[in-house]
Amino acid sequence: MIPSSPVPGRLPGTSAPETGLVDVEGTTRSGKEEITGESDSSEVKEFKEGGYGWMVVFSVALVNAHTWGLNSSYAVFLAYYLRSGDIAGSSPLAFAFVGGLSISISLLVSPLVTWCIGRFGTIPTFRIGVVFEAISFVGASFSTHIYHLILSQGVCFGIGLGFCFTATVGVVPQWFVKRRSFANAVATSGSGFGGLTYSLATNAMITNLGLPWAFRILAIVAFVVNGGCSLILRDRNKAVGAKHVPFHLDLFKLPEYWLFLGWGFFSLMSYVIVVFSITDYAQQVGFSASQGSLAAAIFNLSQGIGRPLIGFASDHVGRLNVAGLGTLTAGVVAFFLWVFAGKSYPGLIIYALFGAFAGIIWPCVAPVGAEVVGLSLLPAALSIYWLVLVLPATFAEVIGLMLRTSGVDGYLNVQIFTGVMYIASFVSIWLLRSWKLQQMEILGTMDDPLAVEAPNAVQSGAKSSENGRPRSYIMNMFVFRHV
């Protein structure tokens, strides 16, 4: 049996709160909590799930559309760069590096962003990202050499993306308990709809207005929309006792946290390959560039529509159940649909429709993280989480290009590697689910999956299973319960 911390949401060696009620994430409250994140006692109100939280969901969805959605439009810019020859000193590999660099930089700055949130607050930190993102597009509009793009569309945009994303990713779960997964999924669906919208809009602007003005219009739109969202966004950091510590190294003492990291690492390795490869794959097997672009657009549309459905299912079937089964589905369709049916255009479109499962990490990461470490430690846990994901974000597509060969079957090695990574991700999340079941069994909460926190249960001799001790991790892998 794998050892684990006795209570999820509390690190080894820490004691239970002495006063107040304990909510489902192990934080204390007296029946009243702050809903604005401000210290003014006049704004302390009784917390009710949802409420203003739906305005927060709406604003975060818009932010995702104008950060990750805009990042998805890089495929359009890449196609233009490759055929125009306007950028001096460049190569196809250098252009691909710019796209990967923006993602890796956004994850790399997450510890700095976490520190800024704790020091200055969520909104000021978020606004730093808004400014950097707008500057990146303006700078890219004047680029004539590849190093200009690396600094603007790569580094500067990555910093803006990282500040906006890290500042907002943990806010939505603070407003929900029973519908946490659904609300978080609705917020993350913005990136799918944004990717669909701006992929089409960017191509139209480049064609009709030229590359420089396409960048400038995107800068204006992103600055106005994200700036407006900063006026709507509210956190509950004080109410939930959120700990914004950039490097909470004690988390590495938790075996369940390593499983959480493994799920994200292998899942993102596969996801990045699929996102950046689907258009090129379509052309390599004989389809036109427009057909490849349509497949990519449908992939984004699938994520936009599918993520709220995944969130809804998570709240009713179980967050770890849906995250695990969705990851397994992504692996299975990579092995079978992509490999065997992807050479026909209808088959490729059907595979693209499973895009929601390919990117299941995004709607599920915050709710699953809250199940693992608790809501108060979630910002610190995600700070390290994004830092670890820098590796797959940076090198996944490089590995994909190295595995690719020529010919109609040139992507076979890539497809197999992608499927294997998804299966490895599934094993990690399913073992994590087994740990959660074990904790619920020890704490006597098997019949009430939302009441996962009972800080004094282990210390006072918690309930155990019928045979006097909890089931093992392996046995729990074959037990299906709401978790």
Side-chain angles (χ1 to χ4, degrees), residues 23-25 47-65 68-69 168-196 236 260 263-264 267 271 298-333 350 352-372 375 378 382 422 425-426 429-430 432-433 436-437 440 447-452 480-483:
D23 66 13
V24 295
E25 301 306 336
F47 170 66
K48 295 182 180 179
E49 173 160 315
Y52 191 81
W54 291 114
M55 289 297 294
V56 175
V57 169
F58 174 71
S59 65
V60 174
L62 285 177
V63 170
N64 285 328
W68 289 107
T168 58
V169 68
V171 174
V172 170
Q174 297 176 347
W175 290 88
F176 298 87
V177 178
K178 293 182 180 180
R179 290 175 289 182
R180 178 177 294 154
S181 293
F182 176 70
N184 191 72
V186 171
T188 60
S189 70
S191 61
F193 288 117
L196 173 66
R236 297 183 60 247
F260 182 53
W263 170 60
S267 181
Y271 176 74
I298 292 176
F299 184 86
N300 281 312
L301 179 63
S302 172
Q303 295 189 78
I305 296 176
R307 287 179 181 179
L309 299 178
I310 288 173
F312 181 81
S314 295
D315 289 330
H316 289 79
V317 181
R319 291 153 190 163
L320 288 166
N321 288 336
V322 170
L325 294 177
T327 304
L328 177 63
T329 301
V332 170
V333 298
I350 292 174
L353 289 173
F354 282 86
F357 295 108
I360 198 167
I361 181 178
W362 302 117
C364 292
V365 60
V368 169
E371 295 287 335
V372 176
L375 203 58
L378 183 61
L382 289 179
Y422 272 125
S425 179
F426 163 73
I429 190 69
W430 212 244
L432 180 62
R433 175 186 175 276
K436 188 68 176 182
L437 282 171
M440 292 169 61
D447 295 328
D448 187 5
L450 290 178
V452 295
F480 193 85
R481 297 186 70 98
H482 187 292
V483 60

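All residue numbers in this chain count up from 1 along the given sequence. We use all heavy atoms of the structure for the numbers below, so side chains are in, but hydrogens, waters and symmetry mates are not.
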Open item on the list: Between Leu325 and Val317, does the side chain to side chain contact (heavy atoms under 4.5 Å, CB included) criterion hold? Intermediate values first, please.
Closed with: CA-CA 11 Å; Leu325 294 177; Val317 181; 5.8 Å; no
Test your reading of the model: is there a side-chain donor-acceptor pair from [X] to the backbone of [Y], 3.5 Å cut-off?
{"X": "Tyr52", "Y": "Trp175", "answer": "no"}
{"X": "Arg319", "Y": "Pro367", "answer": "no"}
{"X": "Asn64", "Y": "Gly69", "answer": "no"}
{"X": "Lys436", "Y": "Glu371", "answer": "yes"}
{"X": "Ser302", "Y": "Ile298", "answer": "no"}

Straight-line distance of [X] [atom1] to [Y] [atom2], nearest 0.5 Å:
{"X": "Thr327", "Y": "Ile361", "atom1": "OG1", "atom2": "CD1", "value": "8.5 Å"}
{"X": "Tyr422", "Y": "Thr329", "atom1": "OH", "atom2": "OG1", "value": "11.0 Å"}
{"X": "Ile360", "Y": "Phe426", "atom1": "CD1", "atom2": "CZ", "value": "11.5 Å"}
{"X": "Asn321", "Y": "His316", "atom1": "CG", "atom2": "NE2", "value": "14.0 Å"}
{"X": "Leu382", "Y": "Phe260", "atom1": "CG", "atom2": "CZ", "value": "5.5 Å"}

Quick check: do [X] and [Y] have side-chain heavy atoms less than 4.5 Å from each other?
{"X": "Leu432", "Y": "Trp263", "result": "no"}
{"X": "Asp315", "Y": "Lys178", "result": "no"}
{"X": "Leu62", "Y": "Phe193", "result": "no"}

Smallest separation among heavy atoms of [X] and [Y], with atom names:
{"X": "Asn184", "Y": "Cys364", "result": "ND2-N, 4.5 Å"}
{"X": "Arg433", "Y": "Leu320", "result": "CA-CD1, 4.0 Å"}
{"X": "Ala323", "Y": "Val368", "result": "CB-CG2, 4.1 Å"}
{"X": "Ile310", "Y": "Pro363", "result": "CG2-CG, 4.4 Å"}
{"X": "Gly306", "Y": "Ala356", "result": "CA-CB, 3.8 Å"}

- [ ] For residues 185-195, pull every pair meeting side-chain hydrogen bond (donor to acceptor under 3.5 Å, both in side chains), keeping only residues two or more places apart or in separate chains.
- [x]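 Sorted pair list: Ser191-Arg307.
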Task: Ring geometry between Trp362 and Tyr271 (parallel below 30°, tilted from 30 to 60°, perpendicular above 60°) - done: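 Perpendicular: the ring planes of Tyr271 and Trp362 meet at over 60°.
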- [ ] Would you please name every residue forming a side chain to side chain contact (heavy atoms under 4.5 Å, CB included) with Ala183, sequence neighbours left out?
- [x]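 Counting only residues at least two positions away or on another chain, Ala183 forms a side chain to side chain contact (heavy atoms under 4.5 Å, CB included) with Trp54, Val57, Val172, Phe176.
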